[in-house]
Amino acid sequence: VDPEPWKSVFVDVANGTPDEPTKAGLLALVRHGKVVWNAWRNAYPCRVHRAINVVTTVGPKVDLRGHVFQDNVNFAEFLFGDDADFEGVHFRKTAIFAGAQFGDMANFGFTRFEGPAVFLGAQFGDDARFVGAKFDDQTTFKGAQCGGKARFSGAQFGSHANFEGTQFGDLTQFGGVSFNGLALFGGLDWASLGYIYVEFLDDQRAWANLRGLDPQAFGRIDFGGAK
């Protein structure tokens with residue numbers, strides 16, 4: 001097994017270096033798929049460090065702000081680390097993030113999903129942001145896990161938004177959200193989530209227990225002004 005399967009990506013100088021990939025380099029890694037991407041991400045992690053009023057990002061962050069994905073894109077089970085930034089990204093077709101793992105401060109603010117958005121069983125640390133995001137008619141966060149202070153404020157959902165069994169930490173914000181059809185927030189037990197997490201069920205459950213999350217209960221959550 002090649003211990004550095006990402007090396008061929010960075011033969012092209014336009015892609016930057018493994019510790020400082022350009023946007024083109026990140027997109028090239030995406031095209032190589034989950035195995036190459038995750039090997040690179042594990043070798044070059046990204047972490048945020050918080051001090052009083054100061055947040056510092058250490059390591060190469062995933063910054064795809066404003067990119068337009070013209071075709072279907074599959075990020076299933078990708079590892080993103082902290083501070084992954086998809087703000088203003090436009091997904092013209094299906095966007096799959098099933099089982100993807102984000103650290104803290106994932107940002108999907110004002111992202112546009114024209115096709116199905118699949119966050120089935122995805123995991124987010126604290127401060128996940130979907131502020132002002134616009135979703136099409138098929139959106140699922142079923143079984144997704146969100147740490148504290150997830151923000152969906154002002155987001156717009158189409159005819160079908162599925163949050164069944166989603167685990168929300170405290171101070172989750174759905175203020176001013178528009179649901180333009182069916183919105184599902186029913187609880188599910190862990191056995192029912194087993195088919196989503198498959199071999200990761202024990203890890204996902206341990207992650208939730210560590211944070212006091214429950215797929216059948218909300219913490220402090222705000223739907224003020226939602227429609």
Side-chain angles (χ1 to χ4, degrees), residues 1-47 57 59-108 111-125 128 130 133 135-136 138-146 193-204 207:
V1 178
D2 186 353
E4 298 181 339
W6 62 84
K7 288 180 71 173
S8 63
V9 171
F10 298 102
V11 171
D12 186 345
V13 295
N15 291 338
T17 59
D19 59 336
E20 289 189 26
T22 62
K23 183 178 178 181
L26 291 170
L27 293 170
L29 285 167
V30 171
R31 289 192 293 272
H32 276 72
K34 175 183 71 173
V35 173
V36 173
W37 175 280
N38 288 350
W40 165 77
R41 180 79 288 180
N42 284 323
Y44 296 92
C46 181
R47 298 285 183 268
T57 300
K61 66 176 285 184
V62 176
D63 187 349
L64 294 174
R65 286 175 293 178
H67 186 69
V68 178
F69 287 96
Q70 299 286 355
D71 299 313
N72 298 336
V73 61
N74 187 356
F75 291 104
E77 298 182 9
F78 272 46
L79 305 176
F80 287 99
D82 290 347
D83 203 19
D85 200 339
F86 287 81
E87 184 171 16
V89 168
H90 194 157
F91 295 98
R92 292 194 178 276
K93 294 186 178 179
T94 300
I96 299 176
F97 288 88
Q101 293 186 11
F102 297 85
D104 293 346
M105 296 178 59
N107 184 13
F108 284 83
T111 300
R112 175 72 174 94
F113 297 90
E114 281 193 39
V118 182
F119 287 88
L120 189 76
Q123 186 181 89
F124 299 88
F130 287 85
F135 296 88
D136 196 45
Q138 296 294 324
T139 300
T140 182
F141 282 82
K142 189 173 185 176
Q145 298 180 300
C146 300
L193 291 170
Y195 83 94
I196 295 175
Y197 302 140
V198 194
E199 69 267 29
F200 304 112
L201 176 61
D202 290 342
D203 290 339
Q204 304 290 84
W207 192 91

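Side-chain contact check for Thr94 versus Val73: every heavy-atom pair is 4.5 Å or farther apart. Two residues are said to be in side-chain contact when any heavy atoms from C-beta on lie closer than 4.5 Å; Phe97 and Phe108 meet this criterion. Between Phe124 and Phe119, the closest side-chain pair of non-hydrogen atoms falls below 4.5 Å. The shortest distance between side-chain heavy atoms of Tyr44 and Pro21 does not fall below 4.5 Å. Within the 4.5 Å cutoff, side-chain heavy atoms of Leu27 are placed close to those of Arg31.
In this structure His67 satisfies the ring-ring contact (aromatic ring centres under 6.0 Å, His included) test together with Phe69, sequence neighbours excluded. The salt bridge (Lys or Arg N to Asp or Glu O under 4.0 Å) test applied to Asp82 returns no partner, not counting sequence neighbours. Scored by the salt bridge (Lys or Arg N to Asp or Glu O under 4.0 Å) test, Lys23 finds no partners at all (sequence neighbours excluded). For Lys34, the salt bridge (Lys or Arg N to Asp or Glu O under 4.0 Å) partners at least two apart in sequence or on another chain are Glu77. Remark: Asp85 pairs with Lys61, Asp63, Arg65, Glu87, Asn107 by the side chain to side chain contact (heavy atoms under 4.5 Å, CB included) rule, at least two apart or across chains. Scanning for side chain to side chain contact (heavy atoms under 4.5 Å, CB included) contacts around Gln70 gives Val68, Arg92, with sequence neighbours left out.
A donor-acceptor distance shorter than 3.5 angstrom exists from the side chain of Gln145 to the backbone of Gln204, with no hydrogens or angles considered. Panel note: side chain Asn38, backbone Phe78; no donor-acceptor pair is recorded below 3.5 Å. Under a 3.5 Å cut-off, the side chain of Trp6 and the backbone N or O of Ala39 do not form any donor-acceptor pair. Panel note: side chain Thr111, backbone Phe86; a donor-acceptor pair is recorded below 3.5 Å.
Rounded to the nearest 0.5 angstrom, Phe10 CZ and Thr17 OG1 are separated by 7.0 Å. Interatomic distance, CD of Gln123 versus CD of Gln101, reported as 4.5 Å (0.5 Å rounding). Here the SG atom belonging to Cys46 is positioned 10.5 Å from the CG atom belonging to Asp104, to the nearest 0.5 angstrom.
The heavy-atom pair separating Gly194 from Leu201 by the smallest distance is CA-CD2, 4.2 Å. Here the shortest heavy-atom pairing between Pro45 and Asn42 reads CD-O, 3.8 Å. Across all their heavy atoms, Asp136 and Gly115 have their closest contact at CB-O, 3.6 Å.
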Check step by step if side chain to side chain contact (heavy atoms under 4.5 Å, CB included) holds for Lys93 and Glu114.
-> CA-CA 6 Å; Lys93 294 186 178 179; Glu114 281 193 39; over 6 Å; no
Decide yes or no on side chain to side chain contact (heavy atoms under 4.5 Å, CB included) for Trp37 and Val62, but give the supporting numbers first.
-> CA-CA 11 Å; Trp37 175 280; Val62 176; 3.6 Å; yes
Under the side chain to side chain donor-acceptor pair (under 3.5 Å) rule, what do Asp83 and Thr57 come out as? Steps first, then yes or no, please.
-> CA-CA 7 Å; Asp83 203 19; Thr57 300; 2.9 Å; yes
Check the pair Phe141, Phe130 against side chain to side chain contact (heavy atoms under 4.5 Å, CB included), reporting the backbone distance first and the verdict last.
-> CA-CA 12 Å; Phe141 282 82; Phe130 287 85; 3.9 Å; yes
Intermediate values then yes/no, side chain to side chain contact (heavy atoms under 4.5 Å, CB included), Ser8 and His32 = CA-CA 10 Å; Ser8 63; His32 276 72; 4.0 Å; yes
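Counting heavy-atom neighbours within 6.0 Å of Glu20 CD, excluding the residue itself, gives a total of 12 or less.
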